[in-house]
Amino acid sequence: MSFTKELIDELNLILKFPDKSLMQGIKIHNNADPALVNAAQRLFEKGIVDQHDGGYLTNLGHDLAEHATIIQSALTSKP
């Protein structure tokens, strides 16, 4: 299975969350890019964020953010 555009949008949104503090979240405004608004809604429906417009990462969201950061780092590092 390959990454769909929707999954890539979700991964990119997860990577936008601050990683320095569990007490920081993000807010996706309703006039944002529709792909971003839709990604936030899907992450909420999957239990990855606590609000349909972003909010905070759930425990699952924090785990996924760690993995997404590792994948991003590995794929963008130069040997």
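The structure displayed is predicted, hence computed values, not measured ones.
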Does K16, at its NZ atom, have more than 12 non-hydrogen atoms belonging to other residues, nucleotides or ligands within less than 6.0 Å? no
Kindly check if the number of other-residue, nucleotide or ligand heavy atoms within 6.0 Å of CG (D33) is above 12? yes
Hey, any chance L36 and L11 share a hydrophobic cluster, counting ILVMFWY side chains that come within less than 4.5 Å of each other, even indirectly? no
Let me check something: do L60 and V49 share a hydrophobic cluster, defined by ILVMFWY side-chain heavy atoms less than 4.5 Å apart, either directly or through other members? yes
Applying the side-chain contact (heavy atoms from CB on, under 4.5 Å) criterion to E10, which one of N38, L43, T4 satisfies it? L43
Does I14 reach the side chain of I48, with side-chain heavy atoms less than 4.5 Å apart? yes
Does some side-chain heavy atom of N30 sit less than 4.5 Å from a side-chain heavy atom of D53? no
Would you give the length of the straight line joining atom [atom1] of [X] to atom [atom2] of [Y], rounded to the nearest 0.5 angstrom?
X	Y	atom1	atom2	result
F17	Q24	CZ	CD	11.5 Å
Q51	I26	CD	CD1	12.0 Å
Q41	I28	CD	CD1	12.0 Å

Check: S73 side chain, T69 main-chain N or O, donor-acceptor pair, under 3.5 Å: no
Ignoring hydrogens and angles, tell me if any N or O in the side chain of T58 forms a donor-acceptor pair with the backbone of D50 under 3.5 Å. no
If you compare all heavy atoms of A35 against all heavy atoms of D9, which two are closest, and at what distance to 0.1 Å? CB-OD2, 3.6 Å
I need the minimum non-hydrogen distance between A40 and G54, along with the two atoms involved. CB-N, 4.2 Å
Run the side-chain contact (heavy atoms from CB on, under 4.5 Å) test on L7 and M1 for me, step by step, so that the C-alpha distance in whole Å, both residues' side-chain angles and the decisive distance to 0.1 Å come before the verdict. CA-CA 11 Å; L7 289 176; M1 179 173 145; 4.0 Å; yes
